[in-house]
2 protein chains.
Amino acid sequence: MDVTIYEVAKRAGVSIATVSRALRGTGPVAARTREKVLKAVEELNFTPSRLGVSLAEGRHAANGIVFPDLAGPYYTEVLLGYEEVASELGRSVVILSTKGRTKVGDLVKDLAGRVDGMLIFGHTVPEPLVAELVRLGVRLVFVSREPLAGADTLRSENTASARALAGHLAGHGYERFAFLGAPLTSQDDVDQRWQGVREVLGGAIEAVDTRHYTVECGYDAALTLLRGEGRPEAIVCSDDEVALGALLAAEELGLDVPGDVAVTGWDDIMAARHARPALTTVRQPMRELGARAARALDELITGARDTPRHLVLTTELMIRSSCGGHPAAT
Amino acid sequence: MDVTIYEVAKRAGVSIATVSRALRGTGPVAARTREKVLKAVEELNFTPSRLGVSLAEGRHAANGIVFPDLAGPYYTEVLLGYEEVASELGRSVVILSTKGRTKVGDLVKDLAGRVDGMLIFGHTVPEPLVAELVRLGVRLVFVSREPLAGADTLRSENTASARALAGHLAGHGYERFAFLGAPLTSQDDVDQRWQGVREVLGGAIEAVDTRHYTVECGYDAALTLLRGEGRPEAIVCSDDEVALGALLAAEELGLDVPGDVAVTGWDDIMAARHARPALTTVRQPMRELGARAARALDELITGARDTPRHLVLTTELMIRSSCGGHPAAT
DNA sequence: GGCTTTTGTGTAAGCGCTTACAGAGAAGTG
DNA sequence: CACTTCTCTGTAAGCGCTTACACAAAAGCC
């Protein structure tokens, strides 16, 4: 790691400019000269310093990603899709989690100084800081948030998918519903799901707050809900983790799912597929979200595109057994 | 992002050395002078270039991490623990996945040029390249592999935990066992688990290959195993994903778990807890693995320690319902 | 008051690499 | 042969920041 381009040049008997040209193919180099350079590189086991290259080029060849936490499988899948495409494009990925961190502003700015652009999940970064980053010309792509002027946004479809899910549930003949996991922000993913479900079920469904979208919070809220008056026949959950909590609550209360109460989730994470009963849920194309985000960011970084774009990816309704019986199916 | 230290110095009417000293606190600066500098910094919204600082300091303030994939929740948890401590120590985390990648050597070397040290999972990086990195003085910490000269290793305990698991299973009175997920490498994690289980169950257990440690491969191998002659009464699986596959196979064949066949896993991932029956498994302190790795790497990077160290973290036997009935217990 | 020590600041040299531009030599053309 | 064009190479200037060292002024001490 201590060999510099100067030592290679000396050993090969050429200038550092020639070494650079030979290695990068950025200019004409005689075959004989190239051989001498490559031989010296091999003998000295030289690898160009990333720092030197980046400073001289004025670019990092790296992408950033800011997320609230990775404990939910949702974020992991997006990250994997993102990293895969970033690597294909010759870029490293620098990660930053904001969970439990103070001075998020400083952390995000430090990240911005290390990368050519970044992906931000939803509202992980405070809005004033987002506005500042946009003003500074930082290339940004957002996943899972409403459109924002000056930056790209990418999300999965929510409203129509929620309507399809609610329609399917109604087809089971249920008449009393609850939506577990009230929206935190207007127009965020969960709010759109709530809107879509409500369009179909109307006054037959009521939203219940869970405080966070975790298994634990879903369990607590479901326990309270299922112990109360007017128990719903079906619970539509904001996401799979909350739904897993609801399954635990039903189990503890000795309620059969879906016989006594049906439960649905959102995301189609691994645990949802392996729970019993297997969760009926909506699958988000999470890897594709990450992959598309990396490509969008590439367009912004290379200048292939300079106008913000807002994309919506399609979802898939995964009917399993938690919503009710399906004659002659699965 | 375009303001340089020169512009700040000009605006504050001091030299760039004074700006640097004022911002970093590396030398005496008069209070009056410091105020002028801070005012200029604020007016110009200056943030020091990470590249400039790193090149001048000769360090990146970043940690690398190389993993085969993040699809398994195991890797995610380790990454989270790692990132959290790295951030506390003022370091960013640069990730690299090797799954499906060609030219892993080039990718790893590029990563090495961006960070002050890195964490590598098991045998993700080919041994010759590992030897070369060690020789080049790259600070390395390995997780989940046997001790290696010249680098730190960190793993969870396997053999004694496997003995405890096997002892518990034997206590259920089973007499025929299978180990699903044969070891790939001598002394790797799975091999140690296999050794521990075999010490207790001896000739009553036989290893079955799964090719990979995934749900799908576990399912295929379990299907074959359970359809064959001499069906085992209990299946000890290499890890939770393989165990989830075994649960799917049993379900498909109409076998009751644990009535007809008991199943155990390893890791205690979310899906293992939410499966039904809930998996008996061994919990690895995955976040702590990551956190300890980051701290170990910090010691190597700062020079607080220069001799390699090999640590083993304790695990916890999680008895749930997939191994058999437990009177008056959950 | 003279000498020593401390505080504060600026200059210059790098850290490792890229590349514009100038110049030399070789090749091509009329 | 003279002129033009092409190939190849080296020099010098930066990219943005840190800091050793020299020097000046102020403070402290006898």
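Protein chains get the first letters and strands the later ones, always in sequence-line order, with residue 1 at the start of each. What you see is a predicted model; the values in this text were computed from it and never measured. Note: hydrogens, waters and symmetry copies are ignored here, and every other heavy atom, side chains too, is used.
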Residues B:Asp116 and B:Ala61: closest non-hydrogen pair is OD2-N, 2.7 Å

Angle separating the five-pair end axes of the helix from C:dG1-D:dC30 to C:dG30-D:dC1, nearest 10°, is 40°

When rounded to whole Å, the CG to P distance for the pair B:Leu44 and D:dG16 reads 14 Å

Note, B:Asn45 side chain near A:Lys109 side chain (heavy atom, < 4.5 Å) = yes

Query raised in the report: Can A:Lys39 and A:Glu43 be counted as an ion pair, charged N to O under 4.0 angstrom?
Result: yes

Separation of D:dC15 atom P from B:Glu7 atom CD, nearest Å, is 11 Å

Residues in residues 53-63 of chain B with a heavy atom under 4.0 Å of DNA chain D, by number, are B:Val53, B:Leu55, B:Ala56

note: A:Ile5, atom CD1; D:dC15, atom C1'; distance rounded to Å ~ 15 Å

Margin query: Using modelled atom types and a 3.5 Å cut-off, is there a donor and acceptor pairing between side-chain atoms of A:Tyr82 and backbone atoms of A:Gly64?
Written below: yes

Check the phosphate of D:dT9 against A:Thr33, side-chain N and O only, distance under 4.0 Å to OP1 or OP2. Yes or no? yes

Separation of C:dG8 atom C1' from B:Arg24 atom CZ, nearest Å, is 18 Å

To the nearest angstrom, the CZ-C1' distance between A:Phe46 and C:dG16 comes to 8 Å

Paired with A:Met118, the side chain to side chain contact (heavy atoms under 4.5 Å, CB included) test is passed by just one of A:Val93, A:Val94, A:Leu111, namely A:Leu111

So the salt bridge (charged side-chain N to carboxylate O under 4.0 Å, His left out) pairs with at least one residue in residues 135-147 of chain B (sequence neighbours excluded) are B:Glu127-B:Arg145

For B:Arg305, the salt bridge (Lys or Arg N to Asp or Glu O under 4.0 Å) test, sequence neighbours excluded, returns B:Asp152, B:Glu299

| field | Heavy-atom donor-acceptor pair, A:Ser144 side chain to A:Arg155 backbone, under 3.5 Å | value | no

Quiz prompt | side-chain N/O B:Arg50 vs D:dG16 OP1/OP2, d < 4.0 Å | solution = no

Would you list the protein and nucleotides 22-25 of chain D atom pairs, both N or O, that sit under 3.5 Å from each other?
none

If you draw a 6.0 Å radius around NE2 in B:His212, do more than 12 non-hydrogen atoms from other residues or ligands fall strictly inside? no

Query raised in the report: Charged N to carboxylate O under 4.0 angstrom, B:Glu83 versus A:Lys99?
Result: no

note: A:Lys10, atom NZ; D:dG10, atom P; distance rounded to Å ~ 15 Å

So, with a heavy-atom separation below 4.0 Å from DNA chain C, the residues of residues 14-22 of chain A are A:Ile16, A:Ala17, A:Ser20

Taken to the nearest 0.5 Å, the spacing of B:Thr76 OG1 from A:Tyr75 OH works out to 13.5 Å

Are B:Arg91 and B:Leu297 close enough that some pair of their side-chain heavy atoms sits under 4.5 Å apart? no

Worksheet item: Is there side-chain contact between B:Arg50 and B:His60, with at least one heavy-atom pair below 4.5 Å?
Response: no

Exercise for review: Remember a base hit wins even if backbone is also touched, and classify B:Pro28 as base, sugar-phosphate or nothing at under 4.0 Å, heavy atoms.
Suggested key: base

Could you tell me whether a side-chain N or O of B:Thr124 sits under 3.5 Å from a main-chain N or O of B:Ile120, the two making a donor and an acceptor?
no

request  = Record whether the side chain of A:Tyr6 comes under 3.5 Å of the base of C:dC15 through a donor-acceptor pair of N or O atoms.
outcome  = no

